[in-house]
Amino acid sequence: MDHGIFGHVRKYHIMNGIDFYTQEYDSSSGFCSVPGDNNVLEIHWCRRGRMECRMKDGCILYMGEGDMFLSMTDNHADVLSFPTGSYSGAAVSLDPAADAYLPPVYKESGISISDLTEKFFVNDDCFLLKACPLTERFFESVYLTSEKLRPIYIKLKTMELVLMLSQIDIKEASPMTFYHRGQTDVVKEIEKLMRSNISKKYTIDTLASEFCISATALKSTFRDVFGTPPAAYMKHLRMEKAAELLLTDMSGISEIANAVGYESSSKFAKAFKAEFGLSPAEYRRKRADNQKNTDQISHNKSGKPLGNMI
């Protein structure tokens, strides 16, 4: 397992030319798990978060939760970007040279990794399959298996993946929207502005005018990069900040509502409950009770108050 400031990646060796990786990042970027030394089939599945796939040819596309993305490593990026600041997923590398090591039944059935590369990349350099029950059932089951059994289970599932890919109709591929860096950099700057002052009310037209981008392009590009429209994203930022203030700032609910851009306490409470399932007062009280219980448990275990511990 590789650990670093970006998160951690665990590699499961399946056989010569085939490897499986689990990926957990709590960062805006991380190093690509799949080596690019040989031109191999690279598969990514996003469990949580979003991934920016910046290809070597300069094209950029985005995958969200449940999406599966395939490309060849001669056009992949060494560094991955995660617009929402975290990412969880899986990756698989399939080297066509591994055909020599596949079980005989695969060869008898006419299934090979070489055929998969020709099938998926005959018209393009990459392939995107949007979230669907098929891929979710396949990959999510890996995370539900115990650590003890996971290595052997992943070996079985990786061989099953080869079968699954051989059955996928390439017509099921979702239309892929490619961007160039200039387009995505603009909406990233817009996101930074929104995050820097969450109490301010922004309009699409005002932002579009300020950053010299059409309103239509702003909305569509922002949604692809961050997974939600600008308004929904801004609302989420405000609710996250409100939740933080409820625990760290003893100001009243109305003051906190104002701090995150709500003039009406009732509208703020409604929005907060829609996000967290609790009213602001209930959220503050429940978290305080949980902390009190945690402190009490620690006190009982140590036999003395936490304040007296060294």
Side-chain angles (χ1 to χ4, degrees), residues 4-7 23 25-34 36 42 44-89 91 124-128 130-131 174-241 261:
I5 59 173
F6 299 119
Q23 305 165 306
Y25 296 101
D26 187 16
S27 173
S28 59
S29 63
F31 293 110
C32 184
S33 311
V34 180
E42 176 182 8
H44 284 279
W45 176 74
C46 175
R47 189 185 188 208
R48 286 194 306 271
R50 292 185 72 74
M51 179 188 287
E52 176 184 281
C53 305
R54 192 178 297 239
M55 318 304 285
K56 288 182 178 177
D57 62 8
C59 291
I60 302 172
L61 61 82
Y62 294 86
M63 59 183 295
E65 295 183 1
D67 294 349
M68 184 172 71
F69 176 68
L70 293 78
S71 67
M72 298 300 290
T73 52
D74 64 349
N75 190 30
H76 82 158
D78 295 328
V79 177
L80 307 175
S81 296
F82 314 118
T84 57
S86 64
Y87 178 82
S88 172
D124 210 332
D125 291 330
C126 47
F127 179 93
L128 179 67
K130 297 296 285 185
S174 301
M176 291 182 288
T177 303
F178 292 95
Y179 294 97
H180 291 288
R181 183 170 181 174
Q183 295 171 282
T184 59
D185 283 352
V186 168
V187 298
K188 289 178 182 179
E189 286 300 315
I190 291 173
E191 191 269 349
K192 285 182 182 178
L193 175 65
M194 294 164 61
R195 186 182 288 274
S196 68
N197 189 356
I198 61 172
S199 64
K200 184 175 180 179
K201 297 186 186 306
Y202 299 97
T203 68
I204 294 296
D205 289 338
T206 299
L207 290 171
S209 176
E210 182 176 345
F211 286 87
C212 301
I213 183 175
S214 74
T216 300
L218 191 162
K219 289 188 287 187
S220 62
T221 307
F222 194 101
R223 189 190 311 111
D224 276 354
V225 174
F226 295 101
T228 58
Y233 189 85
M234 190 67 187
K235 181 180 177 182
H236 178 68
L237 288 180
R238 287 172 172 158
M239 294 304 101
E240 281 191 329
K241 184 61 178 179

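Just so you know, these numbers use all the heavy atoms, side chains as well, and skip hydrogens, waters and symmetry mates. Owing to the predicted nature of the structure, the values given are computational and were not obtained by experimental measurement.
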task: Before giving the answer on side chain to side chain contact (heavy atoms under 4.5 Å, CB included), spell out for Phe211 and Leu193 the whole-Å C-alpha distance, their side-chain angles and the decisive distance to 0.1 Å.
output: CA-CA 11 Å; Phe211 286 87; Leu193 175 65; 3.8 Å; yes
query: For the atom pair SG (Cys59) and OH (Tyr179), what is the distance rounded to the nearest 0.5 Å?
result: 12.5 Å
query: From Glu65 CD over to Lys130 NZ, what is the distance, rounded to the nearest 0.5 angstrom?
result: 11.0 Å
Using every non-hydrogen atom in the two residues, find where [X] and [Y] come nearest and quote the distance to one decimal.
X: Thr184; Y: Tyr62; answer: CG2-OH, 3.1 Å
X: Arg54; Y: Arg181; answer: NH1-CD, 3.1 Å
X: Met63; Y: Cys46; answer: CE-N, 3.5 Å
X: Arg50; Y: Gly64; answer: NH1-CA, 3.5 Å
X: His180; Y: Ile60; answer: C-CD1, 4.1 Å

- request: Would you confirm whether Ser209, through its side chain, and Asp205, through its main-chain N or O, come within 3.5 Å as a donor-acceptor pair?
  value: no
query: With under 30° as parallel and over 60° as perpendicular, where do the rings of Phe222 and Tyr233 fit, or are they tilted in between?
result: perpendicular
- prompt: Does Lys188 come within less than 4.0 Å of Glu52, counting only side-chain N to carboxylate O?
  reply: yes
message: One pair to check against side chain to side chain contact (heavy atoms under 4.5 Å, CB included): Leu218 and Ile190. What are the steps and the verdict?
response: CA-CA 9 Å; Leu218 191 162; Ile190 291 173; 3.6 Å; yes
